[in-house]
Amino acid sequence: NIFRILADLSHLASIVILLETIRKARQIDGISLKTQILYVLVFCTRYLDLLTFRWTSLYNTLMKFFFIGTSVYVVKLMQDCKLTNPVSYKDMMFRDTFQIKYLLGPCALLALVFNYKFTVLELCWSFSIWLESVAILPQLFMLSRSGKASTLTTHYIFALGLYRALYIPNWIWRYYSENRLEKLSIFTGLLQTALYSDFFYIYYRKVMKGRGFELP
Amino acid sequence: EGTEVEHDEL
């Protein structure tokens, strides 16, 4: 359906914006390495089904490879910055102080409690869906600590947030058209979107009206 | 109540 397509396109756009930002500017100011590492973990644990060869569709498979590949590539580009732009790298590390163990632990526990089946694949899937819902927190934390961000960085976060937000009408659509109600994705998707709500509000008030992103 | 769900979303 249209919401699902738009959501996935928005997800693709967010990654393209991020890659272009890092490659063009040759700096990583304001981008959280921790969030990017969490996304590698999210995609690698979610798409383990690639190994089972029970593929849903060519579209899904290509997208999965794209998300795993680009998330690893982003982390590599950011690590390269250590040599090519050490000032920017140090500055990023100085601000990227969120303790991700407070996300990883609870997500692992939640995956053990809430899952569709007690198998390695399903537990990893559940872990990834919980982790995705909070993976942006180091990035938002960094943003709130520095109080401002480059416009491109905010476009990236907006596109990334929009992706999960658009999955919500997709789930409503699927409930009515297929009678499908996938509770875990829906709950974590709502949680994820809620975490972005503050950001969305400031983005709408400032960036969309041509003013820079600056926190009150 | 279905216990297994096909993960056809990304």
Side-chain angles (χ1 to χ4, degrees), chain A residues 1 3-5 7-12 15 39 42-43 45-50 52 54-57 59-68 71 114-119 121-122 124-126 128-129 132 163-164 166-168 170-171 173-174 178-186 188-189, chain B:
Chain A
N1 64 61
F3 301 112
R4 165 80 195 275
I5 298 280
D8 288 346
L9 286 179
S10 172
H11 198 178
L12 283 183
I15 292 168
Y39 280 124
V42 164
F43 295 133
T45 48
R46 176 147 341 144
Y47 302 149
L48 280 175
D49 60 343
L50 284 172
T52 65
R54 278 171 50 191
W55 295 351
T56 325
S57 63
Y59 171 82
N60 266 28
T61 304
L62 288 177
M63 292 291 254
K64 287 172 181 178
F65 278 118
F66 179 84
F67 290 136
I68 294 175
S71 64
F114 302 99
N115 54 69
Y116 291 119
K117 213 178 182 187
F118 212 80
T119 61
L121 230 59
E122 283 297 319
C124 284
W125 182 87
S126 177
S128 84
I129 210 92
E132 188 194 339
Y163 135 71
R164 217 52 180 176
L166 281 168
Y167 261 77
I168 297 169
N170 153 66
W171 291 319
W173 181 286
R174 295 193 73 176
E178 302 165 38
N179 204 19
R180 179 188 157 105
L181 190 70
E182 211 258 75
K183 290 175 192 155
L184 258 178
S185 290
I186 294 175
T188 55
Chain B
E1 187 83 21
T3 48
E4 225 176 326
V5 171
E6 193 196 355
H7 304 307
D8 60 358
E9 288 174 345
L10 293 163

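Letters A, B, ... mirror the listed sequences (proteins, then strands); counts begin at 1. Just so you know, these numbers use all the heavy atoms, side chains as well, and skip hydrogens, waters and symmetry mates.
You'll find the side chain of A:Arg46 stays beyond 4.5 Å of the side chain of B:Leu10, heavy atoms only.
Proximity to chain B is absent for every atom of A:Trp55, based on heavy atoms less than 4.5 angstrom apart. A:Tyr167 touches chain B through its side chain: at least one heavy atom from C-beta onward sits under 4.5 Å away, while N, CA, C and O do not. Heavy atoms of A:Phe66 lying under 4.5 Å from chain B are absent altogether.
Residue with the most contacts toward chain B among A:Lys64, A:Arg4, A:Met63, A:His11: A:Arg4 (heavy-atom pairs, distance under 4.5 Å). When each of A:Glu132, A:Glu182, A:Arg174 is checked for heavy-atom pairs under 4.5 Å with chain B, A:Arg174 comes out on top. Taking A:Tyr47, A:Phe67, A:Trp125 one by one and counting their heavy-atom pairs under 4.5 Å with chain B, the maximum is reached by A:Trp125.
With rounding to the nearest 0.5 Å, the separation of CD in B:Glu6 from CZ in A:Arg180 is 7.0 Å.
Ring planes of B:His7 and A:Tyr116: tilted class, angle from 30 to 60°.
Side chain of A:Asn60 to backbone of B:Asp8: a donor-acceptor contact under 3.5 angstrom is found.
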